[in-house]
Structures are given as structure tokens and as C-alpha cells.
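Chain naming here is simple, since letters A, B, ... match the order of the sequence lines and numbering starts at 1 in each.
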Amino acid sequence: MTNHTEEPLESEKKALNFIETIIEEDNLSGKHSGRVHTRFPPEPNGYLHIGHAKSICLNFGTAAKYGGKCNLRFDDTNPEKEETEYVDSIMEDVRWLGFQWDKEPYYASDYFQQLYDWAVLLIQKGLAYVDDQPQEEISRQRGTPTRPGIESPYRSRSVEENLDLFTRMKNGEFPNGSRVLRARIDMTSPNMHMRDPVMYRILHAEHHRTGDTWKIYPMYDYAHGQSDYFEGITHSLCTLEFEVHRPLYDWFLDQLIDTAYRPRQIEFARLNLSYTVMSKRKLLELVRSKIVNGWDDPRMPTIAGLRRRGYTPASIRAFADRIGVAKRDNVIDVGLLEFSIREDLNKTAPRVMAVVDPLKLVITNYPEGQIEEVELVNNPEEPESGSRTIPFGREIYIEREDFMVDPPAKFFRLGPGREVRLKGAYVVRCESFEADKNGVVQKVLCTYDPETKSGSGPKQPKVKGTLHWVEASTAVTAEVRLYDRLFMDEDPAGHKDQDALEFLNPDSLKVVSNCMAEPMLAHVQAGDKFQFQRIGYFCADPDTRPGKPVFNKTVGLKDAWAKMAQKDGQ
RNA sequence: UGCCCGAUGGUGUAAUUGGCAACACGUCUGACUCUGGAUCAGAAGAGUUCAGGUUCGACCCCUGAUCGGGCAACCA
């Protein structure tokens, strides 16, 4: 089913979520003879986001856990909004997350004929009728949540007339919006969805798969449950807003089938992430208005965006696992997502030397023109990853924020008279510095002690700080794109009078073009992930060209000093 | 002024057919460290929205209230 079943030990110990509880009860009662078959049913009208990832992990993961299957089904009943581009991106994203659907992808549009035949059946049973009224009138007659609706004057048409009209609707004899087919249920139902819901509307539109063969298209409510039925779905998992649709989901099935097998709709709470918007509409708006650079902008909560940002499938699966599933509304701290990717990359990402904001440091007593190779471990978390050498010399770059002219006592880095270790190399002492007329430091002058060479040196003094650095003459210039949250408000879409866009973070993207990196980074491939020592995790962007690497900051390392400094500042 | 759903530390999720609340993230200590990362050790933090009821015993069952969310596309 999927390549990523949990460790048996762990999954056995873990408490069941409410869906698993239902499944186990079903298995006990023999309801589906132990069969578990789920489906992930996206509408191909946009890119998948982290909220969908939750649903994907839930549907595929649950099926896998019980040795079942999971279908990928495109819910493509609205030709006006759906496009092949989205179908392709959705398949790519699901695969990338590490899941494999049963057989070929399914499409609700594959069932158009059967759905049509069943609609005819409903008409014959007197359970559906053609309504000639305009949309506004139908809407008015529907009533309100607190007021019952009234019946359409067309509600009691003869079966023959309904059949004739419906056939002609199908044949394209009527213009868009002129008629609909409605289920004949109960206009006084306290559940709005049961007040003679629309089953079919006339749409003279080009469908991405069926072209122009259909002039009428089924509505979600009429298509979904039956699609589940056709595919043998046992547990149809969807989000909470469909809870009130469930009676309708069951009603259609009740009228149409009499088998013992019946799919069951189960609702769970969708994912909300702090400092993030999750609706497709809002995301589309960000793309269209060019606030971000496309669906895969690394600031987007889309799967494509997270991928480009440097997130791994495993980290997203771990995240989905950690947040759990329940029915209550929830807001997950984005910090948890960040924790998940740090956890993964800490174990797997090679450590490299790169200076994001370079400040020149000259070792005045180091021989001019001399370059030596120093050895560095590739990943201390993974000893088998070995080590490499990088050049060291008289002139190097250090991080600008690692030097202070007048540092406080707790600043364990460089300042006049202070000593610090250059990771993998020597201990240096700051003798002086040069600044321009504005007081901006241009150069730090140090002396080094040749006896303190990392590992081999006879003197290994304890120093409070260790800095990362890059040798100047061999450094590779890299572009680095630093990302911060797109929104400054915890719940940007949660304000009644203000649009989410009012909370945009003006500094969500900072491009730094003169970063200095160790030589090997000239040859990275898009998607390569690294830990820039002491800074954070970075991922080579597709914009990378030979010798001209471009990196996206995936997430920063935890920074105890920054936290301390921030606290003192407050 | 209707119907449906929900309510457990800061956040999220548990507590398996009622036995005085667990785990993860976060927070705070301390140890270790040639990444102020990681790791390790420890701590604080909820008495389960409220009020009744059933029971020897209630997060769990019942009643009522409060609060929060959803529902009036020819969207999904």
C-alpha cells in the first residue's frame, strides 16, 4: 500500500484515534469482512496544501495500517474550475509524499453515465424533478436555517414530463441556468441540505476529460456517495463541514441501492496552522496578485512550496502523525511543523560552512598566500558520512553578527581582546578592527596560535565560542533566500473586518546575493539539503546554475543567544 | 431564533467497554559540547467549561446551561 508503515512496535503501543476505533469496531462486527478501503478525493482546482497532506496521510495511512487500499479520486464535477494542470500537480504531490494509490487514479467524471442513469431511476420513482425556476427563486424558496422552505410549483410534475425535460437538458436543448434537476425530499427539513437539493445543473462547458459530451453536471452531493459506492469505499473520510451533508449522502444511497455493503462518511477536523492561511481561495489570491511567486513559492503552505522550501516527505508524514485526528477545531503551532523538519534534517543533512552576512577577518600572523586544508566532519549525527577537507587561509569571512565592538559578557563570540575557535581550524584572538566613517565594521584583525590546530595541535584551550567561517580566496558566492512567515498575525483569516492580506509580513523574503560558501557548494543540485553550520537548514533551489548556487532557507537552527538577546531587549 | 458538531496543561492528542489524567511540541533548570544546534537529566504547568444527577467511585453515563464551530452556491 504505502512504503511507510510505522514500526510495528510503535503502532501497537499507540492509542487509536476515533476513526481507527470505528474501523476496529467494524472489523469486530464483521461489517465489511475486515476490508478497509479509503479514498483521497481532491477537486483538481488548485494545488494541494499541508491541510491536504493531513488528509492524505490519514487516508493512505489508515488503509495501510489495516492492510487495506486507498484510491486517489479526482472530484471533477465542476468543469468551470477544474484543470489538467492541477490533476498533474496533485498526482505528483501525493507520490512525493510517499503514497501510492490503488490501481489508476479514479475520476468522478468516469461515473457520469451511471450517475445519469441513476438520476433517471430517481425520477421514475418520483424522487426527483426538473425545476424551471431561476436560481434566485429557488434560493428564496429554500428558506433560511430558522425558517422552513416552500415547495416549488414544479415539484409535482409528472414522471413523463420530468423524464422528457431531463433528457432534453442532457441533450443540450436548454441554456445554462434555465433548469435543474432536484431531489424531492423535504422543503421543511431543519437541515438545509435536505430541502430538495440540486442534483444536476446545465453547464455548456468543456470538461477536462469528457470534453463537450455532457451538457449537465452532477453536484457534489449527488456524486460523492455514489462514487464511493462504485469504488467499494468502506470509510469515507472528509472534513467537518460535510457533517450536515451526511444525511443526504445516506439518503441517495438509501434510494438507489439495497446491498448490505454501504460506505460510511466520517468527518474529522481540518488542519489549521498558526500564521498561515489555508483556503484554496486565499492561496489562489496570493498567487494571482503576485504577492508570492507561484504555487511553489517556498513561503506557501502548499506541498509544492514546502518541497521547494526544503521540507522532506518524511518530515511532513511525521508532522501529520504528531498532530493526530479528532473532531474538535484546532490550530497547530507552525513551530511543530518546523520541529518536524529540523528533527529530520538534523539526522540527515550534511553540515557545511557558509557565511550569510560576510565580514572579513584577517589573521595578521598567518603566512600570506598560504592555504592549508583542514578536516571537518560531514555530519556528527551520522558518523558513517565521514569527513572532508576545506581550505583555510589568512583571510576568511565570518558572520557579521558574530562580532561586536562592545560585546556583553554573555556574548560568547568575537570582540576586541576576545578569543574564539574557528571551527576545525585554530583559536584566534581579536586584536583590533577597522570601521568606516559610519561606524560599520569593515574588517576584523586577529592573531592565531598555530599550536591550537583542531585535533592535532598541542594546545587545546577551552574557549567559550566556536565560529563558522569560509576562506576568502576560494569561497563560492551564493545567493541565499531567507524566508520568514508570510503573515504577522496568528490567525490572518480570522478577522471579521480585516482581510488576511492586511497582515502580510513585508519581510517574508530577504534575498542575500553575496553569501560566501565553501568550495564544494559550487556543485550542488536543486533539492540538495544542507545544514549551514550554526545557521540553519538550506535547500538548493531549482534556480541554481552551475557555479551559481541558490539556496532557500528551510528553517533556522534553534538559537539560544537570539532568544536571550530578545528577552533582555524586552 | 432552527438543526448538526465540539469542549482535557500554552498548543495538539490520549486515558480500550467508569478506578483520582498520559504523551508530544513549547517553556524553565542543569550537564555535556570545536554548531549557544543535537544529546542527556530534571522541573513547572490541567484536576478535564459550568451546575446538578446516577454510582462505592465520573474526563468517561444522564439532564440543563455556557462557550466555540458548521449549515441558507446551479462550489467542493
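Picking from U33(B), A76(B), G12(B) the nucleotide with the shortest atom distance to the side chain of Val331(A) gives G12(B). Candidate nucleotides G36(B), A76(B), G2(B) were compared by shortest atom distance to the side chain of Pro145(A), and G2(B) ranks first. Of the listed nucleotides (G36(B), G26(B), C71(B)), C71(B) has the atom at the smallest distance from the side chain of His193(A). Closest approach to the Asn330(A) side chain among C71(B), A76(B), G12(B) is made by G12(B) (side chain taken as heavy atoms from C-beta onward). Closest approach to the Asn346(A) side chain among U35(B), C3(B), A38(B) is made by A38(B) (side chain taken as heavy atoms from C-beta onward). Each of C75(B), C28(B), G37(B) was ranked by its minimum atom distance to the side chain of Lys81(A); first place goes to C75(B). Of the candidate nucleotides U35(B), U13(B), G2(B), G2(B) has the atom nearest to the side chain of Thr146(A). With G36(B), U33(B), U35(B) as the candidates, the nucleotide lying closest to the side chain of Phe412(A) is G36(B). For Asn78(A), the side-chain atoms get nearest to C75(B) when compared with the rest of G2(B), C75(B), C74(B).
At a threshold of 4.0 angstrom between heavy atoms, the contacts of Tyr217(A) with the nucleic acid are absent. When heavy atoms are screened at a 4.0 angstrom cut-off, Val198(A) is found touching the sugar-phosphate backbone but no base atom. No engagement by Val463(A) is indicated, since no non-hydrogen atom pair under 4.0 Å with the nucleic acid exists. Counting non-hydrogen atoms under 4.0 angstrom, Glu43(A) reaches the backbone sugars and phosphates but no base. Using a 4.0 Å heavy-atom criterion, one finds that Ser340(A) contacts no nucleic acid atom at all. Across all strands, Pro79(A) comes closer than 4.0 Å to no nucleic acid atom at all (heavy-atom distances). Among the atoms of the strands shown, base atoms are found under 4.0 Å from some heavy atom of Gln133(A). Among the atoms of the strands shown, only primed sugar atoms or phosphate atoms (P, OP1, OP2) are found under 4.0 Å from some heavy atom of Leu336(A).
Pair assignment for A72(B): none, as no Watson-Crick or G-U wobble contacts are both less than 3.5 Å. Both distances falling under 3.5 Å, in either a Watson-Crick or a G-U wobble arrangement, occur for no nucleotide opposite G37(B). With both pairing distances under 3.5 Å, U48(B) is matched to nothing as a Watson-Crick or G-U wobble pair. Taking a pair to require two hydrogen-bonding distances under 3.5 Å in either a Watson-Crick or a G-U wobble arrangement, C61(B) pairs with G53(B). Across all strands shown, U13(B) is found opposite A22(B) as a Watson-Crick or G-U wobble partner, with both distances under 3.5 Å.
Aromatic rings of Tyr106(A) and Phe74(A) (six-membered ring for Trp) have centroids beyond the 6.0 Å cut-off, not under it. If you look at Phe166(A) and Tyr129(A), their ring centroids are not closer than 6.0 Å.
Remark: the separation of the P atoms in C60(B) and U1(B) is 33 Å, to the nearest Å. Remark: the separation of the P atoms in U48(B) and A22(B) is 14 Å, to the nearest Å. Look at the P atom in both G37(B) and C25(B): the space between them is 16 Å, to the nearest Å. Look at the C1' atom in both C59(B) and A15(B): the space between them is 8 Å, to the nearest Å. When the P atom is used for both U49(B) and A21(B), the distance is 15 Å, rounded to whole Å. Distance check on atom P: C4(B) versus G47(B) gives 31 Å, rounded to whole Å. Comparing U13(B) with G9(B), their P atoms are spaced 11 Å from each other, to the whole Å. The separation of A44(B) from C61(B), taken at their P atoms, amounts to 31 Å, rounded to a whole angstrom.
A salt bridge links Asp196(A) with Arg155(A): at least one charged nitrogen is closer than 4.0 Å to a carboxylate oxygen.
Distance Met194(A) CE to G2(B) C1': 16 Å, rounded to the nearest Å. A straight line from CD of Glu243(A) to P of G70(B) spans 12 Å, rounded to a whole angstrom. Computed from coordinates, the Phe18(A) CZ to A15(B) P distance equals 12 Å when rounded to whole Å. The distance between atom NZ of Lys170(A) and atom C1' of C74(B), rounded to the nearest whole Å, is 20 Å. The distance from atom NZ of Lys567(A) to atom C1' of G36(B) is 13 Å, rounded to the nearest whole Å. Atom P of nucleotide C75(B) and atom CD of Gln135(A) are separated by 7 Å, given to the nearest angstrom. In this structure, Asn191(A) atom CG and C5(B) atom C1' are separated by 12 Å, rounded to whole Å. Counting to the nearest Å, the P atom of A72(B) and the CE atom of Met219(A) are 11 Å from each other.
Contact between the side-chain N/O atoms of Arg351(A) and the OP1/OP2 oxygens of G37(B) is not found at any separation under 4.0 Å. For Arg328(A), no side-chain nitrogen or oxygen approaches OP1 or OP2 of U11(B) to under 4.0 Å. One finds a side-chain N or O of Arg201(A) lying less than 4.0 angstrom from the OP1 or OP2 phosphate oxygen of C75(B). In this structure, Lys558(A) reaches the A38(B) phosphate: one of its side-chain N or O atoms is under 4.0 Å from OP1 or OP2. Distances shorter than 4.0 Å separate none of the side-chain N or O atoms of Thr77(A) from OP1 or OP2 on C75(B). Taking 4.0 angstrom as the limit, Ser274(A) places none of its side-chain polar atoms (N or O) nearer than this to OP1 or OP2 of U11(B). OP1 or OP2 of G12(B) has not a single side-chain nitrogen or oxygen of Lys327(A) nearer than 4.0 Å. Considering only side-chain N and O atoms, Arg413(A) lies nowhere under 4.0 angstrom from the phosphate OP1 or OP2 of G36(B).
Note on ring orientation: taking the six-membered ring where Trp is involved, the planes of Tyr220(A) and Phe242(A) are tilted (angle from 30° to 60°). In this pair, Phe551(A) and Phe530(A) present their aromatic rings perpendicular. The plane angle is above 60°, beyond the 30 to 60° band.
Both tests do not hold together for Arg73(A) against Tyr107(A): distance to the six-membered ring centre under 6.0 Å, angle to the ring axis within 45°. Judged by the 6.0 Å distance and 45° axis criteria, Lys170(A) is positioned over the aromatic ring of Tyr116(A).
Between Ile316(A) and Ile50(A) the shortest side-chain heavy-atom distance falls below 4.5 Å. Using a 4.5 Å heavy-atom threshold, the side chains of Met192(A) and Val244(A) count as separate.
Nearer the 5' end of RNA chain B, as judged by each residue's closest nucleotide, is the contact made by Lys423(A), out of Lys280(A) and Lys423(A). Taking for each of Leu203(A) and Arg342(A) the nucleotide of RNA chain B with the nearest heavy atom, the 5'-most of the two is the partner of Arg342(A).
Checked by distance alone, Glu381(A) brings a side-chain donor or acceptor within 3.5 Å of a matching partner on the base of G37(B).
In this structure, G47(B) shows a glycosidic angle within 90 degrees of zero, which is the syn conformation. Taking the syn range as angles within 90° of 0, the glycosidic angle of A73(B) is syn.
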Next on the checklist: Before you tell me yes or no, could you show the steps for Ile390(A) and Val374(A) under side chain to side chain contact (heavy atoms under 4.5 Å, CB included), namely the whole-Å CA-CA distance, both residues' side-chain angles and the distance that decides it to 0.1 Å?
Outcome noted: CA-CA 6 Å; Ile390(A) 64 169; Val374(A) 301; 3.9 Å; yes
